[in-house]
Structure formats: C-alpha cells, structure tokens
Amino acid sequence: MPRTPFHLVEFSPWPLLGSLGILCMPVGLVFFIRGGSISLLLLGAITTALVAAVWWRDVVRESTFQGHHASYVATGLKIGVGLFILSEVCFFFAFFWAYFHSSLSPTVEIGSQWPPVGISTLETFQVPLLNTSVLLLSGVSITWTHHSIEEGQHKSALQGLLLTLLLGIYFLILQYGEYKETAFTLADSIYGSTFFLATGFHGTHVAVGATFLSVCLFRLYFLHFDKNHHVGFLAAAWYWHFVDVVWLFLYVSIYWWGS
C-alpha cells in the first residue's frame with residue numbers, strides 16, 4: 001500500500017456500537033416518559049459512555065504512542081472540531097430563536113407581557129453575575145494553560161488547567177443552587193420552558209467540557225502534550241471558550257434583558 005501523509009484507521013467496532021448506544025438513549029427516554037422502564041435509557045447512556053472512553057483511548061494511542069497524527073491529520077482533526085462547534089452554535093441558536101420569538105411579541109395567553117404574568121425572575125446581579133465572573137475567569141485560566149504548554153512550562157500548565165476545571169465545577173454547583181431557588185419551573189409557561197432548556201443545556205455542555213478538561217489534565221500530567229503536539233487540549237480549549245461565549249449571550253438576553 002502506498003504511503004500517504006494521512007492516517008488510515010484500522011477496522012473498529014466502536015462506530016457501530018456507539019451509534020447503537022446513542023440510538024437507545026432517545027428511544028429509551030420516550031419509552032420512559034410514556035410510563036415504561038428506564039432500562040433502555042440507562043443501557044444507551046452506559047454503552048455510549050463506555051464506547052466513547054475506549055474509542056478516545058485508541059485515538060490517544062494512535063497520536064501519542066504510535067505517532068500516526070502527522071500535521072495533515074492534526075489539521076483534519078482541528079477542522080472536525082471547528083465543524084462540531086459550529087453545529088453546537090446552531091443548536092443554541094434554536095433556543096435563542098424560541099426565546100426572542102416569545103419575548104418580543106408576547107401573546108395574550110401569557111398576559112401580553114414579558115416576563116409573563118406570575119413569573120418572578122431571578123436577580124440579575126446576584127448568582128447569575130457570579131456565574132458569569134466564574135466562567136470568564138476560567139476562560140482566562142485555560143488561555144494561561146495554552147500559553148504555558150506552548151512555552152514548555154509543564155507545572156504552570158497543570159496549575160492553570162486544574163484551576164479551570166475547579167472553576168467549571170464551581171459553576172455547576174452555583175447553577176444547581178440557583179435552580180433550587182427559582183420560583184418557577186419548566187412547566188411555567190414559555191418562560192420556564194425556554195429558561196430551563198437554554199440554561200440547562202448550557203450546564204450540560206459545561207459538564208461535558210469539564211469531562212474533557214479532566215482527561216486533558218490526566219494526559220498533561222503524564223506528558224502527553226508538548227508545544228508541538230497538543231491537539232487534544234486545543235479541542236477542549238476551543239469547546240470551553242465556546243461555552244463561555246454562549247453563557248455571555250444567555251446572561252445578557254435571559255438574565256438581564258429578559259428580566
């Protein structure tokens with residue numbers, strides 16, 4: 001077989017098994033909502049998590065230990081991450097569209113005003129502002145980590161990445177406390193639906209990003225990254241910056257303007 005600058009992957013069972021696991025989750029969720037068992041949903045979630053772990057383990061082996069990720073491969077991975085983040089932008093755009101569609105022209109069913117009649121919104125400059133500060137600070141710390149990796153400062157990179165991870169966890173704790181204090185629920189008109197869907201999915205993305213950062217922290221500790229090869233960290237950092245930017249739009253539109 002002729003040599004190419006690209007990595008031709010070997011046959012793998014993970015794409016098929018991962019697809020089956022992902023298929024089980026929405027089907028299991030619908031089944032559970034309609035009064036059925038939660039077993040299929042749990043099976044899909046567990047299968048997807050396990051497949052993701054072993055699949056990414058193989059990718060780490062290919063890049064770090066086998067040296068298959070040349071510059072052409074790294075460029076392709078970066079483009080893939082960029083397209084994935086673009087799809088996430090479209091995902092959140094739908095929530096913002098629903099929110100502004102309902103808030104700019106409130107119907108008579110919700111009292112012809114926004115927020116709807118009977119909705120007591122959260123204080124803009126309390127926990128939401130603290131959450132905004134926490135995420136912005138995490139964006140600074142992950143940039144510090146990036147520059148430390150490029151400059152070969154291993155200890156400094158570890159410190160910055162650990163701080164970023166702790167800030168992400170702190171954000172989730174604050175958001176959980178905020179949800180416990182809200183005077184409305186997901187079922188309280190279109191405001192409750194759009195609020196909890198938008199902020200809830202953002203919190204889910206923060207949790208996913210924190211998982212990415214945890215893996216990167218583990219790999220950084222074991223010297224998997226250097227100044228010339230750290231695409232895995234770049235992917236996590238880009239995703240984290242995306243999460244930061246989305247939260248800024250959420251804070252301005254939902255917590256400040258919408259209240």
Measuring only between side-chain heavy atoms, which start at C-beta, is L250 closer than 4.5 Å to F96?
yes
What is the distance from atom OG of S141 to atom CG of L165, rounded to the nearest 0.5 Å?
10.0 Å
Mark yes when over 12 heavy atoms from residues, nucleotides or ligands other than F32 sit less than 6.0 Å from its CZ; otherwise mark no.
no
T64 versus R219: any side-chain heavy-atom pair under 4.5 Å?
yes
Heavy-atom distance under 4.5 Å between the side chains of H146 and L234, does that happen here?
yes
Return the minimal non-hydrogen interatomic distance between G18 and T48, and the atom names on each side.
O-OG1, 4.4 Å
Passes side-chain contact (heavy atoms from CB on, under 4.5 Å), T164 versus W240? Steps please.
CA-CA 10 Å; T164 306; W240 196 255; 3.7 Å; yes
Are the side chains of L220 and F233 in touch, meaning some heavy atoms are under 4.5 Å apart?
no
If you look at every heavy atom in I142 and A237, which pair is closest and at what distance?
CD1-CA, 3.6 Å
What are the two closest non-hydrogen atoms of V206 and G168, and how far apart are they?
CG1-O, 3.9 Å
Start with the C-alpha gap between F218 and F222, add the side-chain angles, then the distance that decides, and say whether ring-ring contact (aromatic ring centres under 6.0 Å, His included) holds.
CA-CA 7 Å; F218 178 82; F222 287 101; 4.8 Å; yes
Heavy-atom pair with the smallest gap, counting every atom of C216 and A236
SG-CB, 3.7 Å
Does the T211 side chain pair with the main chain of A207, one donor and one acceptor, at a distance under 3.5 Å?
yes
Minimum-distance pair of heavy atoms, taken over all atoms of V243 and L135
O-CD1, 4.4 Å
Would a distance-only check, ignoring hydrogens and angles, find a side-chain to backbone donor-acceptor pair under 3.5 Å from H230 to D226?
yes
Do V89 and F242 touch side chain to side chain, with heavy atoms closer than 4.5 Å?
yes
F92 and H205: aromatic ring centres closer than 6.0 Å?
yes
Donor-acceptor pair, T194 side chain versus Y191 backbone, under 3.5 Å?
yes
Check whether T145 reaches the backbone of L161 with its side chain - one donor and one acceptor, N or O, closer than 3.5 Å.
yes
So if you build clusters from Ile, Leu, Val, Met, Phe, Trp, Tyr with side-chain heavy-atom gaps below 4.5 Å, do Y99 and L122 land together?
yes
Could you see if I119 belongs to whatever hydrophobic cluster contains L186? Use Ile, Leu, Val, Met, Phe, Trp, Tyr and a side-chain cutoff under 4.5 Å.
yes
dist Y170:OH -> L167:CG (nearest 0.5 Å) comes out at 9.5 Å
Between W55 and S12, is there a side-chain donor-acceptor contact under 3.5 Å, judged purely by atom types and distance?
no
same_hphob_cluster(M25, V27) at 4.5 Å side-chain heavy-atom cutoff:
no
Could you tell me how the ring of F95 sits relative to the ring of F201: parallel (under 30°), tilted (30 to 60°) or perpendicular (over 60°)?
parallel
Is S63 reaching over with its side chain to a backbone N or O of V60, donor-acceptor style, under 3.5 angstrom?
yes
How long is the straight-line distance from NE2 of H241 back to CD1 of I85, given to the nearest 0.5 Å?
10.0 Å
Using a 4.5 Å cut-off on heavy atoms from C-beta on, say whether the side chain of E150 contacts that of F225.
no
With heavy-atom distances below 4.5 Å as the criterion, would you say the side chains of L162 and Y221 are in contact?
no
Over all heavy atoms of both residues, which pair between T199 and Y179 is shortest? Give the atoms and the distance, please.
OG1-OH, 2.7 Å
Determine the interplanar angle of the F84 and Y239 rings, folded into 0 to 90°, and report it as parallel if under 30°, tilted if 30 to 60°, perpendicular if over 60°.
parallel
Show the numbers, then the answer: is there a side-chain contact (heavy atoms from CB on, under 4.5 Å) between T47 and C24?
CA-CA 9 Å; T47 301; C24 288; over 6 Å; no
Student check: side-chain heavy atoms of V73 and V231 closer than 4.5 Å
no
If you group Ile, Leu, Val, Met, Phe, Trp and Tyr by side-chain heavy-atom gaps below 4.5 Å, do F196 and I173 land in one group?
yes
Any donor and acceptor pair, going by atom type alone, linking the side chain of D188 with main-chain N or O of T185 inside 3.5 Å?
yes
Carefully, step by step, assess Y251 and H202 under the rule ring-ring contact (aromatic ring centres under 6.0 Å, His included).
CA-CA 11 Å; Y251 178 75; H202 177 269; over 10 Å; no
What distance do W247 atom CH2 and T132 atom OG1 have between them, rounded to the nearest 0.5 Å?
5.5 Å
Return the CG to CG distance between L50 and L17, rounded to the nearest 0.5 Å.
10.5 Å
CA sep, side-chain torsions, deciding dist, call: F212, W238, ring-ring contact (aromatic ring centres under 6.0 Å, His included)
CA-CA 11 Å; F212 290 167; W238 291 352; over 10 Å; no
Please determine whether side-chain contact (heavy atoms from CB on, under 4.5 Å) holds for the pair V215 and W56, giving the CA-CA distance in whole Å, both sets of side-chain angles, and the decisive distance to 0.1 Å.
CA-CA 10 Å; V215 175; W56 290 334; over 6 Å; no
Please step through side-chain contact (heavy atoms from CB on, under 4.5 Å) for the pair W144 and S148, ending with a clear verdict.
CA-CA 6 Å; W144 161 26; S148 296; 3.2 Å; yes
Y255 side, atom OH; F195 side, atom CZ - distance, nearest 0.5 Å:
3.5 Å
Linking I/L/V/M/F/W/Y whenever their side-chain heavy atoms sit closer than 4.5 Å, directly or via other members, would W257 and V246 fall into one cluster?
yes
